[in-house]
Q: 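If you scroll down you'll find the structure; I have some questions about it.
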Protein chains: 2
Amino acid sequence: MRLVIARCSVDYVGRLSAHLPMATRLILVKADGSVLVHSDGGSYQQPNWMSPPCRQEESPGSWRVVNKGGEELRITIEDVLHDSTHELGIDPGLKKDGVEAHLQELLAAQVHLLGMGWRLVRREYPTAIGPVDLMCRDEGSGAVAVEVKRRGDIDGVEQLTRYLELLNRDPALSPVRGVFAAQEIRPQARVLAEDRGIRCVTLNYDAMRGIELEGTLF
Amino acid sequence: MRLVIARCSVDYVGRLSAHLPMATRLILVKADGSVLVHSDGGSYQQPNWMSPPCRQEESPGSWRVVNKGGEELRITIEDVLHDSTHELGIDPGLKKDGVEAHLQELLAAQVHLLGMGWRLVRREYPTAIGPVDLMCRDEGSGAVAVEVKRRGDIDGVEQLTRYLELLNRDPALSPVRGVFAAQEIRPQARVLAEDRGIRCVTLNYDAMRGIELEGTLF
DNA sequence: TTGTTGATTTCGCAA
DNA sequence: TTGCGAAGTCAACAA
């Protein structure tokens with residue numbers, strides 16, 4: 001990894017055109033050849049960059065980074081304040097926990113949280129417009145489509161509504177009810193869901209994980 | 001801006017949990033206090049970070065960065081290979097060109113691409129639930145609402161559907177047809193749109209820009 | 001402050 | 001490879 005602090009201007013021409021006027025910035029060159037330009041403040045993201053795989057041509061005062069797709073990053077350098085290279089080695093990678101997939105998995109193992117006597121038919125139940133997160137049968141064997149979200153938004157209600165509309169065209173399943181389950185449900189989403197006869201359930205991630213952990217103890 | 005190259009492990013606890021095992025990485029501290037951790041390869045984005053505003057507590061071998069929302073980034077440092085601080089000053093900011101607004105502008109100037117004899121009524125046609133990108137009249141003077149996207153997704157179809165539903169309540173306009181125009185249209189979005197009687201049109205940005213450029217030549 | 005929408009979204013998974 | 005949906009989405013802008 002190479003770190004350069006320099007007074008520079010940057011132009012990107014590719015999927016769009018972007019221009020950074022002359023100023024002092026950090027230019028970061030990774031081992032895979034990708035180039036990132038960072039300012040000191042403003043957004044925490046890089047204001048300009050070129051994603052790998054890409055090729056770099058360096059001449060005094062001017063860098064040119066070209067992508068396979070014809071995208072181009074051109075850096076004009078007026079003054080270099082710092083330039084150092086460091087050997088970092090490979091990174092073992094990031095482990096994430098607590099995302100939607102995990103939430104879905106936890107709920108699939110605990111469908112009784114939705115109602116006594118409920119059972120899971122299958123996860124990722126396929127339809128023509130995409131998979132339903134959980135398909136269940138309630139205590140009276142009625143079909144229920146469950147949409148799981150980390151944050152329950154209007155989009156999620158729309159998504160579940162589309163599934164329900166489609167599933168209810170199938171005489172073998174109909175009537176299919178809907179449950180919208182999320183860690184947080186925004187008021188607007190809740191209103192819309194309930195207006196459409198969809199039940200809203202707030203999930204407690206820690207409690208669900210706790211139950212799961214308990215289960216593994218015995 | 002402070003640059004630290006160090007052998008470290010990183011833990012984030014907040015909206016989710018994430019862990020980076022011990023390895024050599026770049027730790028970048030910006031003037032606003034935000035902290036970014038970069039590996040040398042893999043994804044070109046930062047694998048772990050804390051966005052501003054945040055507060056940093058540094059003790060030998062351990063950093064703790066805390067957010068207002070109770071999110072926490074904990075960096076355990078085993079060995080420091082480099083540590084330097086640089087004064088960058090303020091950044092003038094980024095200028096972009098060629099995004100959706102541009103696409104809409106181009107299509108507005110070339111509504112004949114949608115059909116012979118079509119004319120533009122106006123861009124950003126106002127409704128109670130937001131502006132319709134383009135309102136047109138077709139060859140038979142029928143009203144047509146056009147939604148322009150760079151990537152045509154189901155969300156865009158839903159958006160246009162809401163506009164059409166509202167517009168068709170107005171006897172002075174009704175019937176209003178819909179056109180969904182985008183550089184790329186995803187199959188599921190196309191299915192949904194056509195199921196609702198909305199015409200899908202794929203836009204060729206380069207060709208549209210080319211025509212525009214030609215136009216300026218004469 | 002809150003909500004909405006676009007993004008060079010990026011990223012990961014699965015068909 | 002391509003398609004599709006989630007993201008600690010982020011960030012800009014309007015209400």
Side-chain angles (χ1 to χ4, degrees), chain A residues 10-19 34-37 42-52 54 65 67 69-73 93-94 96-104 124 126 129-133 147-151 153-156 159 182-183 186-189, chain B residues 10-19 34 36-37 42-52 54 67 69-73 93-94 96-104 124 126 128-131 133 147-156 158-159 162 182-191 205:
Chain A
V10 185
D11 284 280
Y12 164 79
V13 180
R15 280 165 283 184
L16 56 60
S17 299
H19 174 71
S34 57
V35 177
L36 292 74
V37 180
S43 60
Y44 83 88
Q45 278 200 162
Q46 60 278 23
N48 226 325
W49 72 96
M50 180 60 69
S51 51
C54 53
V65 189
N67 201 335
E71 300 168 68
E72 184 179 336
L73 190 71
L94 185 67
K96 289 184 182 182
D97 187 22
V99 288
E100 184 189 300
H102 195 206
L103 211 61
Q104 189 199 113
E124 303 288 343
I129 55 171
V132 177
D133 286 342
E147 180 67 31
V148 181
K149 290 282 178 210
R150 212 171 52 76
R151 284 182 188 171
D153 224 327
I154 280 188
D155 282 0
Q159 195 180 341
Q183 276 186 278
R186 288 180 193 263
Q188 292 193 352
Chain B
V10 186
D11 283 281
Y12 163 81
V13 179
R15 280 166 280 185
L16 56 61
S17 299
H19 174 72
S34 57
L36 292 74
V37 180
S43 60
Y44 80 87
Q45 279 204 164
Q46 60 277 23
N48 226 325
W49 74 97
M50 182 58 70
S51 49
C54 54
N67 202 334
E71 300 168 67
E72 184 179 335
L73 191 71
L94 185 67
K96 291 183 181 183
D97 185 25
V99 287
E100 184 190 301
H102 196 204
L103 208 62
Q104 189 200 112
E124 301 290 344
I129 54 172
D133 286 342
E147 181 67 32
V148 181
K149 291 280 178 212
R150 214 170 56 77
R151 285 184 187 170
D153 221 329
I154 279 185
D155 282 0
E158 294 286 8
Q159 195 179 342
R162 288 194 296 272
Q183 278 185 277
E184 296 174 39
I185 298 180
R186 293 187 183 210
Q188 293 194 354
R190 185 180 293 272
V191 168
Y205 177 70

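When reading the values below, keep in mind they use all heavy atoms of this one structure, side chains included, and skip hydrogens, waters and symmetry mates. Chain A is the first sequence line, chain B the second, and so forth, proteins listed ahead of strands; every chain is numbered from 1. Small disclaimer: the values here were computed from a predicted structure and weren't measured.
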Q: Under 4.0 Å between a side-chain N or O of A:Gln188 and OP1 or OP2 of C:dT2?
A: no
Q: Please state whether the phosphate of C:dT10, meaning OP1 or OP2, lies under 4.0 angstrom from any side-chain nitrogen or oxygen of A:Arg15.
A: yes
Q: Assess the side chains of A:Glu72 and A:Tyr12: does a donor N or O sit below 3.5 Å from an acceptor N or O?
A: no
Q: Are B:Glu184 and B:Arg186 ion-paired here, with the side-chain N under 4.0 Å from a carboxylate O?
A: no
Q: Which residue lies toward the 5' end of DNA chain C, A:Trp49 or A:Pro187, if each is placed at its nearest nucleotide?
A: A:Pro187
Q: Of the listed nucleotides (C:dT8, C:dG6, D:dG8), which one gets closest to any side-chain atom of B:Glu147?
A: C:dG6
Q: So which nucleotide from C:dT5, D:dG8, C:dA7 ends up closest to the side chain of B:Ser51?
A: D:dG8
Q: Can you find a side-chain donor-acceptor pair between A:Lys149 and A:Gln183 that sits under 3.5 Å?
A: no
Q: When rounded to the nearest Å, what value does the distance between C1' atoms of C:dT8 and D:dA14 take?
A: 25 Å
Q: Roughly how far apart, to the nearest Å, are D:dA6 and D:dC10 at atom C1'?
A: 14 Å
Q: On DNA chain D, does the nearest nucleotide to B:Leu16 precede the nearest nucleotide to B:Arg186 from the 5' side, or the other way round? Give the residue.
A: B:Arg186
Q: Between CH2 of A:Trp49 and OG of A:Ser51, what distance do you get to the nearest 0.5 Å?
A: 8.0 Å
Q: With P as the reference atom in both, quote the distance from D:dG8 to D:dC4 in angstrom, rounded to an integer.
A: 22 Å
Q: Tell me the interatomic distance from B:Leu36, atom CG, to D:dG8, atom C1', rounded to whole angstroms.
A: 13 Å
Q: Rounded to the nearest Å, what distance is computed from the CG atom of residue B:Asp155 to the C1' atom of nucleotide C:dT4?
A: 11 Å
Q: If you assign each of B:Arg151 and B:Asp133 to its closest nucleotide in DNA chain C, which residue comes earlier from the 5' end?
A: B:Asp133
